[in-house]
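Let me begin by presenting the structure, written as structure tokens, before commenting on it.
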Amino acid sequence: MNRNYNFAYLDESSKREIRRAILNAIAIPGFQVPFGSRELPIGRGWGTGGIQITLSIILPDDTLKVIDQGSDDSVNAVSIKRFISECTGVGMTTDSETASVIQSRHRIPEIPLRSDQILVLQVPEPEPLKLVEGSEVEARRMHAEKDYNLMWLRLFEDLVQFDEIVAAAGYPVMVNGRYLTNPSPIPRYDVPKLNMSETLCLFGAGREKKIYAIPPYTRVEALSFEDVPFAVESFGDHYCCKCGAKGVFLDESYNEKTGEKYYQCSDTGYCNGRRAAGNRADIVCK
Amino acid sequence: MAYAAVSGGENAIKASIELTRFFRKDEPWFDPSLMDGALNLLLDKVMSESGFYSEKTAAIALKQCEGSTEEAVFLLRAYRSTLSRKYYSKPLDTKHMRVIRRISAVFKDIPGGQRLGPTYDYTHRLIQPETRPAAILKLEDWIGDECSLTENEYPKVVDLLRDQNLLEYNPDPMPEYYDITKRPLVFPCSRSARLQALSRGESGFIIGVAYSFLRGHTVFHPNVGELRCGFAGILIEYAVDKNDVWYVGEILLTEVDCVLPRTVVAKTAVGEQSLRIATGYGVAFGRNETKAIAMSILDCTMDMPGDDPCNNSEFILLSGDTVEMNGFVSHLKLPHYVTFQSKLDRVRESVKAWNSDES
């Protein structure tokens, strides 16, 4: 642990300010609380919102898991883990069951999370209305008045134009029936996990200086029409070429030599766990 | 090695950091303190964009990142996050600074006089491999004397105009001080927040947007009412006795007041309507003239109606931060496997629907 800096890098008054913003966010589910985002030694736009939340809430006996697009071993996840480990000395894990805090970019782990865990999601663009309204002042007014007509119109226009709602990752959701919220760029597959989740979900956007939260047992509904239900990504009959898992979110890859398409679990912690338990696929990746 | 391989991220990073060190060539003879003096303007740019006044730290940062200004600003800002903020200084009294350069482009003679001072404006940009010919060495003594002028009062040129009641009167609706390093920039923002964001803004961006105003609006021609560059003392209120202050040192800065004659009808302090001259304010650490001028122009144009980038304070203030712009553009190098997969799914579904409609 690097003793030249304060525990968890930021000075104590900065951490306290961030915790206050978090408490505000929990009190008003889905509402974006502006906060005085600090610069970190990690790139702005590389997860600094999530990291600031983690640094502000983490305690010496916490166990942290960091994943990037599902992967524990992705270079940015490794880099964030190294930084937090250096300035806090807390234990790291790849197992979502043993982690007390999970920081993630663009995925929610496959295994359901529990009430004694906190999920911290990194957010590049917190404003769901950015799709339809460029001005922040105007977007704030629309939230205040719960005026989400433009968003509904946008989804309808998608249907007219493409026969599909083309919103992909970061699908707009209503939180607690009040605030239109960007669930961060998680795939649509992960969106239902947020509904009535046992876990506290905190969202941090460092560059855009916003924190918001979905407290445990909060209603989260993806925007959809009665006759066009919300649909998650479909992987057909494909399964993970490593552990054989089906019905999970898969990464599509191409064999380096043959160019053949194959699939594997996006959640590497989950995949490793299954393989440790003896699960195998009948085909071999690469 | 793949950069987000299923395993090996840790090793890949280690090797990458080693390679970066190899390319940097950490020459032991290259002492960062050499930059203070030889590369002043580079240090000024970095200090200004990071909002962190320390030549020594800026030089170390620049050495550490092979001279990349975006990385150096980043290092300084990140370091700044670890320091607790104990004091706010009193507003700088730039009327009484040690001026090394002062010009006005609107009046030939100004109270206190113009002083050309150090500037590249009138050098011919000829590459000179020999940068210090012997003949100039003699001049150095003279320049040294000139620069060590003691504090003097230099009245502000815009005050001349203000006293004659020629300036647009724009009371700040949010006059209290707003610290954008501790609080988020929210809109509509106070002028104090706006000026901080502009002063820390990325030089090229600030100058580029100001330039777009000059190119696009030939009707309006802002003028440099006054540009002054010099050392201003920093005073801090004494906690026990509010009437007492501590002097903690001085900083070099460039300050600009631009004037923009506008054919608009403005409300004056006493309520009557008449034509006025708009003003804009620019300030930046160090000798940072183009940026300070550009900042003063944008301070002006943000209050003007219009749909151009130069009129849009949300656009300028939210897009112009060095750390944010570089961070987010470079984040595109991160894997986007899941998000792209999700988009791919939508595209495939849409194509499928389109094909079945055709058949």
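Protein chains get the first letters and strands the later ones, always in sequence-line order, with residue 1 at the start of each. Keep in mind the model is a prediction, meaning the values are calculated, not measured.
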[X] versus [Y], closest heavy-atom pair with distance:
| X | Y | value |
| --- | --- | --- |
| A:Ser74 | B:Pro335 | OG-CG, 3.8 Å |
| B:Ala353 | A:Asp163 | CB-CB, 4.0 Å |
| B:Arg346 | A:Ala167 | CD-O, 3.8 Å |
| B:Ser342 | A:Ala169 | OG-N, 3.2 Å |
| A:Ser234 | B:Glu349 | OG-OE2, 4.3 Å |
| B:Ser84 | A:Asp11 | CB-OD2, 3.9 Å |

To the nearest 0.5 Å, how far apart are [atom1] in [X] and [atom2] in [Y]?
| X | Y | atom1 | atom2 | value |
| --- | --- | --- | --- | --- |
| A:Ser37 | B:Leu185 | OG | CG | 12.0 Å |
| A:Tyr9 | B:Thr82 | OH | OG1 | 5.0 Å |
| B:Glu10 | A:Ser79 | CD | OG | 10.0 Å |
| A:Arg188 | B:Asp345 | CZ | CG | 5.0 Å |
| B:Tyr337 | A:Glu252 | OH | CD | 13.0 Å |
| B:Gln341 | A:His106 | CD | NE2 | 15.0 Å |

Just wondering, do [Y] and [X] contact through their side chains at under 4.5 Å, heavy atoms?
| X | Y | result |
| --- | --- | --- |
| B:Ile13 | A:Arg82 | yes |
| B:Val186 | A:Arg140 | yes |
| B:His331 | A:Asn76 | no |

- [ ] With a 4.5 Å cut-off on heavy-atom pairs, point out which of B:Phe340, B:Phe187, B:Tyr79 contacts chain A the most.
- [x]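 The candidate making the most pairs under 4.5 Å is B:Phe187.
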Task: Greatest number of heavy atom pairs closer than 4.5 Å to chain A - which of B:Arg85, B:Lys182, B:Lys343 - done: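 If we count pairs closer than 4.5 Å to chain A, B:Lys182 comes out on top.
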Task: Pair A:Arg207 + B:Glu324: basic N to acidic O under 4.0 Å - done: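 Answer for the salt bridge query: no.
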Side chain from CB out, backbone as N, CA, C, O: work out which of these in [X] comes under 4.5 Å of a heavy atom of chain B, or both, or neither.
| X | value |
| --- | --- |
| A:Ser135 | both |
| A:Arg107 | side chain |
| A:Asn6 | neither |
| A:Glu17 | side chain |
| A:Phe235 | side chain |
| A:Ile42 | backbone |
| A:Tyr5 | side chain |
| A:Phe249 | side chain |

Can you tell which part of [X] gets under 4.5 Å to a heavy atom of chain A, answering side chain, backbone, both or neither?
| X | result |
| --- | --- |
| B:Arg80 | neither |
| B:Glu314 | side chain |
| B:Ser16 | neither |
| B:Arg183 | backbone |
| B:Leu344 | side chain |
| B:Ile180 | neither |
| B:Ile17 | side chain |

Which one, [options], leads in non-hydrogen pairs under 4.5 Å with chain B?
| options | answer |
| --- | --- |
| A:Pro185, A:Gly134, A:Ser13, A:Pro41 | A:Pro41 |
| A:Pro34, A:Gly70, A:Ser266 | A:Pro34 |
| A:Lys81, A:Glu136, A:Glu12 | A:Glu136 |
| A:Glu208, A:Glu233, A:Lys210, A:Gln69 | A:Gln69 |

Open item on the list: Strictly distance-based, threshold 3.5 Å: is any side-chain N or O of B:Ser81 a donor or acceptor partner for the main-chain N or O of A:Leu10?
Closed with: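 No: the side chain of B:Ser81 does not pair with the backbone of A:Leu10.
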Task: Donor-acceptor contact below 3.5 Å, side chain B:Trp354 vs main chain A:Phe162 - done: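 No.
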Step through the shown structure and confirm whether more than 12 heavy atoms of other residues, nucleotides or ligands are within 6.0 Å of [atom1] on [X].
| X | atom1 | answer |
| --- | --- | --- |
| A:Lys261 | NZ | yes |
| B:Tyr87 | OH | no |
| B:Phe22 | CZ | no |

Open item on the list: Quick one, B:Leu334 with A:Arg105, criterion side-chain contact (heavy atoms from CB on, under 4.5 Å). Give me CA distance, side-chain angles, the key distance, then yes/no.
Closed with: CA-CA 11 Å; B:Leu334 286 179; A:Arg105 170 172 175 261; 3.7 Å; yes
TODO: Assess the side chains of B:Ser350 and A:Glu164: does a donor N or O sit below 3.5 Å from an acceptor N or O?
DONE: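 No donor-acceptor contact under 3.5 Å links the two side chains.
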